[in-house]
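All values below were derived from every heavy atom in this structure, side-chain atoms included, with hydrogens, water molecules and symmetry-related copies excluded. Chain letters run A, B, ... following the sequence lines, proteins first and then strands; every chain starts at 1.
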Amino acid sequence: MTILFLLVPLALLLGGTALYGFFYAVKSDQYEDLDTPPYKALLDNPPGKDTLDD
Amino acid sequence: MKQGEASLARANCLHCGLPFHGAGQFCCGGCETIYSLFKEKGWSEFYRIRDTSPSLGVRRRPIASGKNYSFLNESENSEMEFFLEGIHCISCLWLLERLPELLEGVKQARLNMGTSILRVSIDRNVTAFSPVAELLDKLGYPPSPVQPEGPSRKSENRRFLFRIGVAAVCAGNIMLLAFAQYAGLSGWGGKLFAWLSAALAVPVLGYAATPFYIETIRALRAGRLSIDFPIVLALLAGAVASVVNLWNGSDAVYFDSVSLLVFLLLSSRYLLRRMQEAQFRASPLLSYLHSNLVRKKSARGTEPISLAKVRIGDTLLVNAGEKIPADGILRTGRAHVDMKLLTGESLPVAHLAGDTLLAGTTNLASPIEIEVTAIGNETRLGDILGRVSAEGALRTPLAEFSDRVGRRFTLLVSLLAAGTFLWFLPDSAQGANRALALVIVACPCVLAFAIPFVGTLSLRRLSQEGIFVKNAAALEALNSVRHVVFDKTGTLTQGLFQVNRWLSEPGDAGKSAALSLEWKSSHPVAKALVRFIQAENLALAPLEVADFRETTGSGVSGKIGGDFYEVRKIPLDSAENNIGVFRNKKLIARVSLGDALRPEAPSVVGFLRERGIETSLLSGDTEAATKYAARQAGIPQAIGNLSPEDKAELLKAIPNAAMVGDGANDAIALAAARVGIATEGSMEIALRSSDIYIGRRGLAPLISLFKAADLYQTTIRRNLLVSASYNSLGALLAIMGLIHPLVAAVLMPLSSLSVFAFTLWQFRGRQS
């Protein structure tokens with residue numbers, strides 16, 4: 001049972017990290033446009049050119 | 001591509017890929033310009049992507065509207081958003097995001113494929129917004145500037161997502177802890193876990209669930225029960241009971257169900273919200289029209305002024321192909337005007353000096369001058385739009401149905417719970433347990449969760465097919481439709497002249513003469529004749545014409561090789577427009593021109609008939625033309641010569657009627673019908689007056705639409721049935737004391753999940 005003292009805080013820590021990551025993603029506008037990115041992945045960059053995006 | 005073929009063959013345009021008749025490789029100068037621009041930039045990649053990617057929407061021929069966008073330069077921002085028409089595939093995205101390479105000074109262009117909104121930021125020292133808009137227009141994406149969304153909407157969206165995130169993380173951890181308890185963890189470990197889940201439930205109940213409290217309190221203040229009421233009741237009851245039990249040392253805590261419920265509800269509402277937003281961020285068209293520029297004639301020539309500054313009595317110059325900006329009296333010789341937008345009249349109407357021209361109609365042939373008699377809301381178009389918004393206010397809101405059922409259900413559950421509690425009153429613990437189990441197990445999740453979910457799925461499916469439905473209530477209303485009324489021009493027909501019959505003596509004399517004469521005219525009938533003759537006989541070429549004359553409202557004449565030829569109207573009240581070709585005053589060929597029926601019209605009408613839906617045709621066109629089109633399409637009733645107001649009156653008299661028509665021209669009628677389905681015109685005007693906008697050409701989407709409405713209804717009915725039996729059984733067991741609140745709490749989200757899975761299963765593979 002003592003393993004719980006490690007596992008429970010670990011689970012909470014994982015949850016907290018995920019929540020932090022999610023907040024970060026929301027704040028950096030990653031949830032503003034969910035329709036376009038899937039299409040962007042299909043566009044190849046012309047050889048020798050820098051990326052299309054920033 | 002069809003290079004090197006006979007010059008007037010049917011070919012596909014090298015740029016836009018759409019078929020056209022005529023010489024060369026391009027359908028219009030605009031396409032040619034863009035093609036050579038791309039070649040110069042080495043962007044043939046565009047065509048490769050276009051040809052290999054699936055189309056995502058309506059494909060339109062890129063026609064530059066040639067609007068003047070200089071009013072955009074009044075803005076002082078360096079960032080602006082445009083709603084673009086004609087976004088259809090990945091190559092659009094590819095191209096639009098390369099805007100900085102096309103125009104110096106553009107810093108960034110970002111396209112949102114979901115909303116068709118392009119955000120452009122520029123360096124104001126180098127360029128302005130009008131060249132950007134003109135370039136977009138030239139590329140075939142007529143832009144409308146939209147109000148950039150305020151920071152409030154954005155932060156609201158973020159708060160919603162934060163709530164979902166908090167609920168997800170807490171609910172996940174609480175469920176992890178609850179598993180151990182269900183598996184039999186007790187003693188100090190159980191206590192620890194119970195307290196831990198209580199702690200984790202605090203952010204869920206105190207932060208994530210606040211929208212439910214706010215909505216419930218707002219509804220209660222307005223004197224009604226919102227559908228959130230039992231949810232709030234269950235949340236609070238679950239939380240209070242859990243805390244009390246926890247305090248008394250019992251293991252019966254329901255934090256897991258409570259937080260899972262909050263998470264599920266929030267997620268489904270977020271999906272629904274996003275869906276609705278994506279569709280209805282169309283810009284207010286009227287304000288856009290008002291900010292447009294017109295050319296005013298003054299002592300010093302013409303000067304561009306903003307339409308808002310036009311006064312009655314001003315003289316405005318309107319070029320061929322432009323919309324007439326205000327009601328006014330024609331001051332120059334003659335004008336051909338396309339009245340389709342206002343009256344549905346399929347033929348261009350010829351006007352002579354002194355006639356009144358209406359705002360919103362299009363000047364077709366040559367530049368004209370008008371003296372303004374009415375502006376803005378005083379014009380006929382303004383009047384129509386004003387009435388439309390008045391009619392729109394009478395519409396029933398989306399949530400009416402589920403609200404009504406939800407209110408009754410809520411009341412019933414609350415009363416039953418109170419009754420159960422009172423029944424066992426001496427034994428308050430017993431009564432409380434049973435009442436709590438009842439409230440939790442009978443939570444109307446289907447109403448709060450499944451109905452919007454089914455609606456979202458249906459609307460999403462349809463929008464992928466280019467059919468935009470304003471809200472799920474419109475889909476619901478479609479199922480009660482027993483009568484579909486069609487408009488003729490542009491709805492049942494293609495809205496384009498076409499030669500139906502050519503009767504002449506053998507030989508090409510008539511065709512050759514008609515081609516030679518009509519070649520010189522820009523009248524739409526002439527264009528249709530030329531198109532027809534060229535498609536029929538490629539070898540014919542226009543001959544030399546002497547003494548060419550064009551007479552307004554009648555036809556053209558001229559001398560060819562010593563003979564006098566005329567091509568002019570033959571006045572007959574028939575379904576079609578009759579044109580005669582005369583040689584030396586003798587009729588040598590008779591041509592019937594009409595607006596061709598859409599080929600799918602009879603099958604769509606047949607589909608409706610099979611469903612027991614009546615059809616009729618109401619049109620502003622002549623009685624004969626209306627009757628003829630109705631006969632062709634298999635529509636039993638037809639009335640012609642109707643004004644938009646007449647149509648609206650007739651529609652009001654038909655219960656449960658759906659109107660299918662042009663978004664602008666039939667605006668009043670569309671708003672008067674129970675369900676308005678707009679087929680043509682701009683989506684912005686259409687969705688003001690109608691519930692449904694079909695962005696794809698043709699009538700075939702009507703079939704998909706009715707099928708989708710069917711699926712929507714059956715899925716909801718089945719969901720309600722499943723959940724009603726589930727809930728009544730659960731409620732019964734709860735009242736009888738056979739379900740412990742803890743078990744009820746497990747069963748409740750389980751029922752939501754089962755409804756969720758059932759809905760997805762119903763929609764599985766159904767590409768309507």
Side-chain angles (χ1 to χ4, degrees), chain A, chain B residues 42-43 45-46 48-49 52-54 56 87 89-98 100-101 107-108 110-117 119 149 154-155 157-162 164-174 176-177 180 185 187-189 192-193 196 199-200 203 270 274 278:
Chain A
M1 288 291 269
T2 42
I3 193 68
L4 288 179
F5 289 111
L6 175 66
L7 289 183
V8 168
L10 198 62
L12 291 177
L13 189 71
L14 281 175
T17 316
L19 193 63
Y20 175 79
F22 180 68
F23 274 38
Y24 167 79
V26 172
K27 277 187 182 157
S28 55
D29 278 356
Q30 294 184 34
Y31 281 80
E32 285 299 310
D33 178 5
L34 301 179
D35 299 285
T36 320
Y39 299 115
K40 278 192 180 168
L42 295 174
L43 299 176
D44 294 325
N45 290 313
K49 273 207 174 176
D50 284 343
T51 48
L52 186 57
D53 296 327
D54 25 29
Chain B
W43 284 1
E45 178 80 358
F46 173 84
R48 195 190 61 74
I49 297 171
T52 52
S53 63
L56 305 167
I87 300 290
C89 66
I90 311 176
S91 53
C92 299
L93 174 67
W94 187 88
L95 173 64
L96 287 167
E97 301 220 330
R98 272 178 174 67
E101 294 176 45
K107 284 197 286 195
Q108 200 187 41
R110 282 260 172 268
L111 175 70
N112 184 329
M113 300 279 288
T115 53
S116 290
I117 283 174
R119 187 188 306 167
E149 58 188 33
K154 195 164 168 178
S155 66
N157 188 39
R158 283 184 178 182
R159 274 204 302 276
F160 214 130
L161 283 167
F162 287 158
I164 294 176
V166 167
V169 166
C170 294
N173 274 292
I174 294 174
L176 192 73
L177 301 171
L185 179 70
W188 66 267
L192 173 72
F193 275 25
L196 211 54
L200 283 170
Y270 180 72
R274 271 194 58 82

Would you check if A/Val26 and B/Phe160 make a side-chain contact, meaning some heavy-atom pair closer than 4.5 Å?
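A side-chain contact under 4.5 Å is absent here.
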For [X], is it the side chain, the backbone, both or neither that has a heavy atom under 4.5 Å from a heavy atom of chain B?
X	result
A/Leu12	both
A/Tyr20	neither
A/Leu19	both

Measuring from atom CZ of B/Arg110 to atom CG of A/Asp29, what distance do you get when rounded to the nearest 0.5 angstrom?
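It comes to 11.0 Å.
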Quick one: CZ on A/Phe22 to CD1 on B/Ile164, what's the gap to the nearest 0.5 Å?
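One gets 6.5 Å once the value is rounded to the nearest 0.5 Å.
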Would you mind checking which part of B/Leu176 comes under 4.5 Å of any heavy atom in chain A, side chain (CB onward), backbone (N, CA, C, O), both or neither?
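Answer is side chain: those atoms of B/Leu176 sit under 4.5 Å from chain A.
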Closest non-hydrogen atom pair between A/Lys27 and B/Arg158, with its separation:
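Shortest heavy-atom separation between A/Lys27 and B/Arg158 comes out as O-NH2, 2.9 Å.
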